[in-house]
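Data block below; observations after.
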Amino acid sequence: MQQIEITHEGVSVTSRSDPLMSLFGTEIRPGVTDVVNLPWAEITRITLTTFDVPPGYPRSTSLEIDVVWGEYVTVHEDAEGFAAAVRELCRLSGRPVTEDGPIWLAPDGS
């Protein structure tokens, strides 16, 4: 499960996984919670992407957050807070809410 939050400091993405259990109820691997806090100064671009799929399959939408050191974080549409994050990012950047393309760019335009 993922959660995304837009704050005045930047973007926070939390990912959680449940423990892996054996057939006998023994915990094989503990659950993990990973929190990535990305300050605005380290984000270069946030892109909203909607993937077209064949008829009968659900469309898939995600946010890709590019950071200055060349890595990226992907947040899927089923993440808690996804729709609110998209609206807030578009509001902050002054761009309309779309189905595809960059919705937030670093202030220097990179």
Side-chain angles (χ1 to χ4, degrees):
M1 182 199 113
Q2 283 185 310
Q3 177 181 359
I4 183 169
E5 184 179 6
I6 308 302
T7 68
H8 66 279
E9 297 167 351
V11 178
S12 178
V13 179
T14 303
S15 300
R16 292 182 189 90
S17 65
D18 293 329
L20 179 62
M21 305 299 282
S22 75
L23 292 173
F24 305 106
T26 303
E27 186 177 286
I28 298 171
R29 183 187 71 219
V32 177
T33 298
D34 182 40
V35 179
V36 178
N37 291 309
L38 301 168
W40 290 118
E42 294 180 8
I43 300 172
T44 59
R45 174 188 320 249
I46 301 175
T47 305
L48 181 66
T49 304
T50 300
F51 299 96
D52 287 324
V53 294
Y57 290 91
R59 288 176 24 166
S60 176
T61 301
S62 64
L63 282 173
E64 188 170 286
I65 305 166
D66 295 310
V67 292
V68 295
W69 59 85
E71 297 290 327
Y72 63 92
V73 175
T74 301
V75 180
H76 301 283
E77 67 184 326
D78 61 352
E80 185 178 322
F82 184 87
V86 170
R87 285 191 304 273
E88 181 63 8
L89 289 165
C90 289
R91 186 191 70 77
L92 290 171
S93 68
R95 295 172 184 260
V97 176
T98 65
E99 289 189 351
D100 236 5
I103 59 172
W104 188 90
L105 298 170
D108 66 1
S110 58

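None of the values given here were measured: they were computed from a predicted structure.
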Verify the cluster assignment for Val36 and Trp69: are they in a single hydrophobic cluster under the rule of side-chain heavy atoms below 4.5 Å apart?
-> yes
Exercise. Decide side chain to side chain contact (heavy atoms under 4.5 Å, CB included) for Leu89 and Leu63; before the verdict, give the C-alpha distance in whole Å, the side-chain angles of both, and the deciding distance to 0.1 Å.
Key: CA-CA 11 Å; Leu89 289 165; Leu63 282 173; 4.2 Å; yes
### Query
Between Ser93 and Leu105, is any pair of side-chain heavy atoms under 4.5 Å apart?
no
Indicate yes or no: at least one non-hydrogen side-chain atom of Thr14 is less than 4.5 angstrom from one of Glu5.
no
- Would you check if Val11 and Ile46 make a side-chain contact, meaning some heavy-atom pair closer than 4.5 Å? yes
Contact check, side chains of Arg59 and Glu77, non-hydrogen atoms, under 4.5 Å = no
Original post:
Do Val13 and Val68 share a hydrophobic cluster, counting only Ile, Leu, Val, Met, Phe, Trp and Tyr and linking them when any side-chain heavy atoms are less than 4.5 Å apart?
Top reply: yes
- prompt: Going by heavy atoms in the side chains, are Val67 and Val73 under 4.5 Å from each other?
  reply: no
Counting only N and O atoms by type, is there a donor-acceptor contact under 3.5 Å from the side chain of Trp40 to the main-chain atoms of Thr7? yes
Query - same_hphob_cluster(Val86, Leu92) at 4.5 Å side-chain heavy-atom cutoff - result: yes
Got a donor-acceptor contact below 3.5 angstrom from the Gln2 side chain to the Thr74 backbone? yes
Going hydrophobic residue to hydrophobic residue with side-chain gaps under 4.5 angstrom, can you get from Ile4 over to Val97?
-> yes
- Item | Under 3.5 Å side-chain donor-acceptor pair for Thr50 and Thr61 | yes
- Check whether any side-chain N or O of Ser15 sits under 3.5 Å from a backbone N or O of Asp34 as a donor-acceptor pair, and report yes or no. no
Arg16 and Thr33 have their tightest heavy-atom pair at CG-OG1, 3.6 Å
